[in-house]
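Values below: all heavy atoms of this structure, side chains included; hydrogens, waters and symmetry mates excluded.
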Amino acid sequence: MNVDLHNPELVGLRTPDPLRFAFQRKKSAHAGGMMRSVNSEDIQTTLEKAHAIPASSAHAPRCLYIHIPFCRVRCTYCNFFQYASSKSLIESYVEALRAEIRWKASQVWSQSAPFQAVYIGGGTPTDLSGEQIRMIVSDIRSQFPLTPDCEITLEGRINRFGLDKFEAALEGGVNRFSFGVQSFNTQVRRSAKRLDDREVVLDKIQQLVKYNAAPIVLDLLYGLPHQTLDIWQQDLNDYLESGAHGVDLYQLIEMQGLPMAKLVEQGKLPYPADTQMKASMFEMGVNFMAKHHQKRLSVNHWSSDNRERSIYNSLAKTTAEIMPLGAGAGGNVNGCQMMQTRDMDTYISAINEMHYPVTMMTLAPANRGVSAEVKSGFDAGVLAQHKLDSVAGQGSFEALSPLFEAWQENGLVYLEKNENGRSYLTLTLAGQFWAVTLAQNLIEVLQNQTAQKVQRKAANVAA
């Protein structure tokens, strides 16, 4: 393969400390490949055809994603804020969402195979009333075919999530709860516009865990303003003390134009952690989880016992198809990658007219399985030769060996071959920290190679 091995943005820098200095910054929040855009006038007919075709396989992984675009408060680091929580607006939205659930569940593609996971995200889904949560989840369970062990996750905040809402969610069928704690520290939380002090958050989580009714999973964010190494260490200790069944450790991604950036510019917040500090926090987190025998499910997710499976998060990084429901939801069906409108009036009007509320759509390339294999492999911390070759073509892994060897020399991966002759690319601690950047780089290399092959083929035909 024709790869520029002297490009530090591709192979990283050769440094004694690759964890902190291999790259300048994380490339993006998620890795992804190039798609072909669909003209706006063709979106409706394309989606009608896609939903009228049965699933390609009754055993292929499929999920549902339901978006709840409301928050009482916008966190300073958040890029997903859409609407402030309003009782009347939420009521209108829930009515439209339930209509969308019934409409889309009736389509051929939806009924042709069961769904393995359902994720209700946002926004802040827990800002809904207990009855609204129960109705939405009950609709999903009654309208869509689900596997017997389908994971149904409700995301949200601990704030104002009382036992009445918890029990209503359980009654509806939620069997996993994910709470965005971000940090337990009161000062860090307040500066990020998080609600409730440390003691309140810790007590509520422990209350829900004691119910012993469903896994309770937490998100912790490292790199926030005021979050020192000592505070991060306490955040990790508080996770253990909470008794939660699992945790995600995410690094803060700086995004210009967000409230946090403006507050820093105004001198109202200290600068968030730089890349090197975040690398140290990641290292602390990994070592802490290993020391306390937490089971590692991915490069940034751990479980404390076998109840936490993280099915949706794992499948979302593969070729799994995801049906989007709700304003601002994204997903993919039969090769159509789509984003539904964020505008509430447009969304409600479209659902009333039984039109797909999609504003942007692309068609997945024929080799989308390659990108999915790279993303899932790097998320797991290891890329297997036989798996990559099965989707990218025999010999692909070997052809990439110059790039892999450059990464190995730079301390990001190590190559190994077992007694059966199978090769694996395993991420080092530094590689795990830079996993998204490495995955994105590899996807772009593979896509460039594919594009060059197409060009050569076209030139040969023309000649």
Counting heavy atoms not belonging to Gln143, are there more than 12 under 6.0 Å from its CD? yes

Flag for Gln234-Asp238: side-chain donor and acceptor within less than 3.5 Å: yes

Take Asn185 and His226 through the test side-chain contact (heavy atoms from CB on, under 4.5 Å) and record every step on the way to the result. CA-CA 9 Å; Asn185 182 269; His226 297 298; 5.8 Å; no

May I ask you to check whether Asp17 and Thr15 show a side-chain donor-acceptor distance below 3.5 Å? no

Can you measure from CH2 (Trp103) to CG (Asn352) and round to the nearest 0.5 angstrom? 11.0 Å

Within a 6.0 Å radius of atom CZ on Arg307, are there more than 12 heavy atoms belonging to other residues, nucleotides or ligands? yes

Check: Ile120 and Leu64 side chains under 4.5 Å, non-hydrogen atoms: no

Examine distances only and state if a side-chain atom of Gln206 and a backbone atom of Glu241 form a donor-acceptor pair shorter than 3.5 Å. yes

Got a donor-acceptor contact below 3.5 angstrom from the Thr362 side chain to the Ser37 backbone? no

Closest heavy-atom pair, Ala406 versus Val11, reported as atoms and distance to 0.1 Å, is CB-CG1, 4.0 Å

State the CG-CD distance between Leu442 and Gln447, to the nearest 0.5 angstrom. 10.0 Å

For a ring-ring contact (aromatic ring centres under 6.0 Å, His included) check, start with the C-alpha distance between Phe288 and Tyr239, then their side-chain angles and the critical distance, and finish with the verdict. CA-CA 11 Å; Phe288 179 90; Tyr239 153 67; 7.4 Å; no

Any donor-acceptor pair under 3.5 Å linking the side chain of Thr275 with the backbone of Gln24? yes

Working to the nearest 0.5 angstrom, can you tell me the gap between Ser242 OG and Lys204 NZ? 15.0 Å

What verdict does the side-chain contact (heavy atoms from CB on, under 4.5 Å) test give for Phe378 and Lys317, after you've listed the backbone C-alpha separation in whole Å, the side-chain angles of each residue and the deciding distance to 0.1 Å? CA-CA 10 Å; Phe378 277 65; Lys317 297 179 178 72; over 6 Å; no

Does the side chain of Gln132 pick up a donor-acceptor pair with the side chain of Ser129 at under 3.5 Å? yes

Leu383 CG to Leu388 CG distance, which is reported to the nearest 0.5 Å: 5.0 Å

Smallest separation among heavy atoms of Met338 and Leu47, with atom names: CE-CD2, 3.7 Å

Spacing of OG1 belonging to Thr153 relative to CG belonging to Asn175, to within rounding of 0.5 Å: 7.0 Å

State, to 0.1 Å, how close Thr124 and Cys71 come at their nearest heavy-atom pair, and which atoms those are. OG1-SG, 3.0 Å

Just wondering, do Phe21 and Leu13 contact through their side chains at under 4.5 Å, heavy atoms? no

Determine whether the aromatic ring centres of residues Phe179 and Phe161 are separated by less than 6.0 angstrom. yes

Between Phe23 and Trp407, is the ring centroid distance below 6.0 Å? no

Checking side-chain contact (heavy atoms from CB on, under 4.5 Å) for the pair Ile68/Asp127: CA distance, chi angles, key distance, verdict? CA-CA 9 Å; Ile68 308 297; Asp127 274 1; over 6 Å; no

Do Glu308 and Lys295 sit within salt-bridge range, that is, some charged N less than 4.0 Å from a carboxylate O? no

Within the distance-only criterion (no hydrogens, no angle test), does the side chain of Ser110 pair as donor or acceptor with the backbone N or O of Lys104 below 3.5 angstrom? yes

Residues Val286, Arg296; criterion side-chain contact (heavy atoms from CB on, under 4.5 Å); working and verdict: CA-CA 9 Å; Val286 171; Arg296 198 169 191 177; 3.7 Å; yes

Are Asn332 and Arg368 packed together at the side-chain level, in the sense that at least one heavy-atom pair is separated by less than 4.5 angstrom? yes

Can a side-chain donor-acceptor contact be found between Thr126 and Arg160 if the only test is distance below 3.5 angstrom? no

Which atom names give the shortest non-hydrogen contact between Ile216 and Ala244, and what distance separates them? O-CB, 3.4 Å

Do the non-hydrogen side-chain atoms of Arg189 and Thr186 ever get within less than 4.5 Å of each other? no

Measure the shortest side-chain to side-chain distance between Phe166 and Val174 over non-hydrogen atoms and say whether it is less than 4.5 angstrom. no

With a 6.0 Å cut-off (strictly less than), is the heavy-atom count around CD of Gln233, excluding the residue itself, greater than 12? yes

Qualifying residue for side-chain contact (heavy atoms from CB on, under 4.5 Å) with Phe433, from Gln251, Glu283, Met281: Gln251

Look at the side chain of Ser349 and the backbone N and O of Asp345, then say whether any donor-acceptor pair between them is shorter than 3.5 Å. no

For Thr428 and Gly411, indicate whether the former's side chain and the latter's backbone hold a donor-acceptor pair under 3.5 Å. yes

Lys/Arg N to Asp/Glu carboxylate O, Glu265 vs Lys262, below 4.0 Å: no

With rounding to the nearest 0.5 angstrom, report the CD1 to CG distance, Ile152 to Leu170. 11.0 Å

Are the side chain of Thr346 and the backbone of Arg342 linked by a donor-acceptor contact shorter than 3.5 Å? no

State whether the number of non-hydrogen atoms from other residues, nucleotides or ligands found under 6.0 Å of Asn306 atom CG is greater than 12. no

Checking the side chain of Tyr93 only, and the main-chain atoms of Pro69 only, is there a donor and an acceptor separated by less than 3.5 Å? no

To check you understand the geometry: which heavy-atom pair defines the closest contact between Pro225 and Pro270, and what is its length? CB-O, 3.6 Å

Output yes when a side-chain donor or acceptor of Lys278 lies under 3.5 Å from a complementary backbone atom of Leu252, and no otherwise. yes

Kindly give the heavy-atom pair with the smallest separation between Tyr65 and Gly121, and that separation in Å. OH-C, 3.5 Å

Can you see whether Tyr119 engages Glu155 through a side-chain donor-acceptor pair at a distance of less than 3.5 angstrom? yes

Should Arg194 and Val188 count as side-chain neighbours, where that means a heavy-atom distance under 4.5 Å? no

Side-chain donor/acceptor of Gln227 to backbone N/O of Trp232, under 3.5 Å: no

Would you call Ile43 and Tyr356 a side-chain contact if the rule is heavy atoms closer than 4.5 Å? no

With heavy-atom distances below 4.5 Å as the criterion, would you say the side chains of Tyr312 and Glu151 are in contact? yes

